[in-house]
Number of protein chains: 2
Amino acid sequence: MTANPALADVARRAGVSTATASRVLSGRGPSSATSRDAVRQAAIDLGYVPHPVARRLARQSGTRIVFAVRDERADILRDPFVTRAASAMAAATEPEGLGTALLRLPLHATAELERLAADRSVAALVLAGHDRDLVRGLPAGLRGRTGMIGAGGSDVDSAAGVGALIRQLHRTGRRRIALVAGPRWLAASRAPLAAYARLMREAGLPVRVVHGDFTTARGRAAAREIRRRWPGTDAIATVSDAMALGVLQALAADGVRVPDDVAVTGFDDSPIADVVHPGLTSATHPVELIAISAVQAALGVPAAGRLFPSRPVLRRSCGSSP
Amino acid sequence: MTANPALADVARRAGVSTATASRVLSGRGPSSATSRDAVRQAAIDLGYVPHPVARRLARQSGTRIVFAVRDERADILRDPFVTRAASAMAAATEPEGLGTALLRLPLHATAELERLAADRSVAALVLAGHDRDLVRGLPAGLRGRTGMIGAGGSDVDSAAGVGALIRQLHRTGRRRIALVAGPRWLAASRAPLAAYARLMREAGLPVRVVHGDFTTARGRAAAREIRRRWPGTDAIATVSDAMALGVLQALAADGVRVPDDVAVTGFDDSPIADVVHPGLTSATHPVELIAISAVQAALGVPAAGRLFPSRPVLRRSCGSSP
DNA sequence: CTGTTAGCGCCTTCAG
DNA sequence: CTGAAGGCGCTAACAG
């Protein structure tokens, strides 16, 4: 066979104009049943495949979605959450003829966002790690084609997930429960923190919070800070397995027994939770589904719902009370 | 300011034709110093940014690189190796105005490769998990724009990495060393296997190999198979931390002490190696560098070298001999 | 070295 | 509902 047939070839064979062929094959604009059939048949006969780049140029639409992750850590693009989400997007964009690009944004990223808004290769933007200011300052050109992961966008129901773990701790006799929350600059930190605080207050228990940054190192420091400030602590809940791992490490190093002296819970149900000693109680985090949902939102696909359930997974780190 | 200036605007302001402006700004073709300066200055004045999609249409070049991973496992796209590599590619393609798409290929993937070859949105292909047949059967249209991860392409020096671990085992008194190798269908399985076999033979020791698939489940089964077939085994080396983890699990379940009775080594130096009990001796695997190198190869960037060093990381799982 | 002239392949007003 | 015609923005062959 010859080279790739173009729309003009299909039109000629179907005996119609390229305009009509375009309308039929792109599904945009009116067309009679007659011409519709003729064009479709001709396309099949010729093995016609539209040229994605030409199509996007004509439509002014862009050829890639950009996943921009706002974070203070320079190595955030190697974080498992990010790599999982980015890969899910790369897989989801494949059948669309699109691609995915990945980018770190510093906490103040006005200039980068302006650049992305001006870049005509960008079909849509997916934002993670945002706060209110970032969303408010979004360039006008990006509104309507931006999806978000986290607060206000596609997210795990971390309030419910963390809440379930807190309740589990309470049910098994823990009363001095501290929380290692997410960073202050992150909008998504708010929901699980609020859920924790509400439950503790309802139970008449003290609210004890330390802020972390999702790293194991910070988890270690947080555990020590908690034990120093609130010596009676009998449980430490966290909002990520990485931080929970740090907590476990610090407690082990300091001779504190888990779960006998202190119970620990994580979040994400990562492979590490299953492998660490003792096994880490955690809650599931469907990162891939969330990422795909955010891509769809960015591309304007109407949402079925963007809050994804989290299921607790009990392991030894939160056994019964002392 | 007005909308995005086009090349024609730059040319007009510089007092030259669009052809000259194009030559200057794309760096293709000759240009005089005079017109060069004029065009560059005009571009700056106007804040000109070339339209990537238009450029790629005119050049017939494609807008995304496709990372195709050949594997029998349906969930391979969630494998940490794949997610890390895909994310590194997505980050590397961002500044180029390109995107990355991710795709699984079944073991026999002729049809899919034909489709990719015909897809004019594909700028280049990166292949992982290939064997000789797949490379041989690559559509002509993809030759010259395909990069590979693994044998024959960009890869970790797994022969050296695994070799170093085998030597370490030997140095610490192990003599009945079995290997859990990669799958048979994978070309990249060959090098580390050969390195192991050569070292064993040189030391006058028996060569004992079981093939795995990089999963923890298969690691468990492999450990049992090894102990059944070769009861005196005092060390099990593997080519991935995931499989080594399975080995550790099976040995623990069967009451075999590590490292006292059997030493274990992994490969990848993944976070799990540091967290599992006992700590897993492993070797580093610079996945991100390898992925970027493969992208560059696919895009035709001349290579500095595509075999990346692996460094052993000693942990408790391969302590001294009994 | 430079400008003219066609494309690249599809979409989209605008008459009819 | 349909066709003609003019973009979308840039590149490349070809005279000059």
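Because only heavy atoms are used, hydrogens play no part in the values below, and waters and symmetry mates are left out as well, while side chains stay in. Since this is a predicted model, take the numbers as computed values, not measurements. Naming: A, B, ... by sequence-line order, numbering from 1 per chain.
- A distance below 6.0 Å separates the ring centres of A:His285 and A:Phe81.
- Atom CZ in B:Arg23 sits roughly 8 Å away from atom P in C:dG3 (whole-Å rounding).
- Remark: A:Arg55, A:Ala58, A:Arg59 in residues 55-62 of chain A come within less than 4.0 Å of DNA chain C through at least one heavy atom.
- Residues B:Thr20 and B:Ser35 bring no donor and acceptor atom of their side chains to less than 3.5 Å of each other.
- The only option from B:Leu103, B:Thr146, B:Asp119 that meets the side-chain contact (heavy atoms from CB on, under 4.5 Å) definition with B:Val66 turns out to be B:Leu103.
- The NE2 atom of B:His51 sits 11 Å away from the P atom of D:dC8 (whole-angstrom rounding).
- Projected onto DNA chain D by closest heavy-atom contact, B:Val49 and A:Val16 fall at different nucleotides, the more 5' of which corresponds to A:Val16.
- Checking B:Ser87 against A:Thr83 by side-chain atom types alone, no donor-acceptor pair falls below 3.5 Å.
- A salt bridge links A:Glu94 with B:Arg115; the closest basic N to acidic carboxylate O contact falls under 4.0 Å.
- Side-chain contact of A:Thr93 with A:Thr100: a donor-acceptor pair under 3.5 Å is present, judged by distance alone.
- Ion pairing between B:Asp75 and B:Arg78 fails under the 4.0 Å rule for side-chain N and carboxylate O.
- In terms of position on DNA chain C, the residue among B:Val24 and B:Arg120 whose nearest nucleotide sits closer to the 5' end is B:Val24.
- Between B:Gln41 and B:Asp37, the side chains place no donor N or O within less than 3.5 Å of an acceptor N or O (distance only, hydrogens not considered).
- A distance of 4.5 Å separates CG in B:Leu7 from OH in B:Tyr48, rounded to the nearest 0.5 Å.
- When distances are taken from the side chain of A:Ser17 to each of D:dC10, D:dG3, C:dG9, the shortest belongs to D:dG3.
- A:Leu7 has its CG atom 19 Å from the P atom of D:dC8, to the nearest Å.
- Applying a 4.0 Å cut-off to non-hydrogen atoms, the residues of residues 26-45 of chain A that approach DNA chain D are A:Pro30, A:Ser31, A:Ser32, A:Ser35, listed by residue number.
- Out of D:dG3, D:dA13, D:dG9, the shortest distance to the side chain of B:Ala19 is found at D:dA13.
- Atom CG in B:Asp119 sits about 14 Å away from atom C1' in C:dG9, given to the nearest Å.
- Between the CG atom of B:Asn4 and the C1' atom of D:dC10 there is a distance of 14 Å, given to the nearest Å.
- The separation between B:Leu46 atom CG and D:dG9 atom C1' is 15 Å, rounded to whole Å.
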